[in-house]
Amino acid sequence: MDDPAITLIDHGAEGEYQARVADSTAVGRLTWVRRGDVLTAQHALVPPEIGGRGIAAKLVEALIADAREQGWKIVPECSYVAAAFRRHPEWGDLLA
């Protein structure tokens, strides 16, 4: 399986990461809102037709990479993102 193509859609105060795979028109999403340098990760949504491919994890990894690069902190409101933070204690410095 090819890695999904991850795109950041940034509208300033809100946005999302989108994941697309070559063999589907379905789009995985991780939505967020921003206040200053704090992003609240609201929802990770991966349609069933592209599920089971690690797409949600790739979306969170993109969020983490950008947070490190941009100096953002993260509030993991989404249960999937919160679980990812528990699995990766090395991300603890990014928690708001």
Side-chain angles (χ1 to χ4, degrees):
M1 177 202 69
D2 292 329
D3 279 341
I6 307 289
T7 305
L8 170 61
I9 309 298
D10 186 344
H11 297 290
E14 62 184 34
E16 64 183 41
Y17 288 88
Q18 294 183 350
R20 298 176 188 274
V21 293
D23 62 347
S24 178
T25 59
V27 178
R29 293 181 165 85
L30 189 156
T31 63
W32 52 264
V33 295
R34 177 175 27 226
R35 287 196 178 181
D37 66 348
V38 176
L39 267 63
T40 299
Q42 295 181 308
H43 304 287
L45 311 161
V46 177
E49 56 267 33
I50 60 172
R53 303 181 190 197
I55 290 173
K58 295 288 187 187
L59 289 165
V60 175
E61 289 167 8
L63 171 68
I64 295 300
D66 286 350
R68 290 215 183 279
E69 183 178 312
Q70 300 297 325
W72 298 332
K73 295 292 185 178
I74 300 169
V75 174
E77 186 175 283
C78 166
S79 61
Y80 183 87
V81 177
F85 267 92
R86 287 191 298 276
R87 286 190 305 272
H88 294 276
E90 68 274 18
W91 296 348
D93 62 309
L94 297 176
L95 287 170

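Side-chain atoms are counted along with the backbone in the values below, which use heavy atoms only and exclude waters and symmetry mates.
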Show me the pairs that pass salt bridge (Lys or Arg N to Asp or Glu O under 4.0 Å) and involve residues 62-73, at least two apart or across chains.
R68-D93
Output the distance between atom [atom1] ([X]) and atom [atom2] ([Y]), rounded to the nearest 0.5 Å.
X	Y	atom1	atom2	value
L59	I64	CG	CD1	12.0 Å
T31	L39	OG1	CG	10.5 Å
E61	L30	CD	CG	11.5 Å
R53	D3	CZ	CG	11.5 Å

Which atom pair, heavy atoms only, marks the closest approach of A19 to I55?
CB-CG2, 3.5 Å
Shortest non-hydrogen pair, G28 vs I50, comes out as N-CD1, 3.7 Å
Name all pairs fulfilling the side chain to side chain donor-acceptor pair (under 3.5 Å) condition that reach into residues 33-47, sequence neighbours left out, sorted by first residue then second.
D10-R34
Taking a hydrophobic cluster as the set of Ile, Leu, Val, Met, Phe, Trp and Tyr residues connected by side-chain heavy atoms closer than 4.5 Å, whether directly or through intermediates, do [X] and [Y] fall within one such cluster?
X	Y	answer
V60	L94	yes
L63	L8	yes
V38	L95	no
W32	V75	no

Just list the side-chain donor-acceptor pairs under 3.5 Å for residues 77-91, sequence neighbours left out, or say none.
from	atom 1	to	atom 2	distance (Å)
Y80	OH	A57	N	3.3
H88	ND1	E90	OE2	3.0

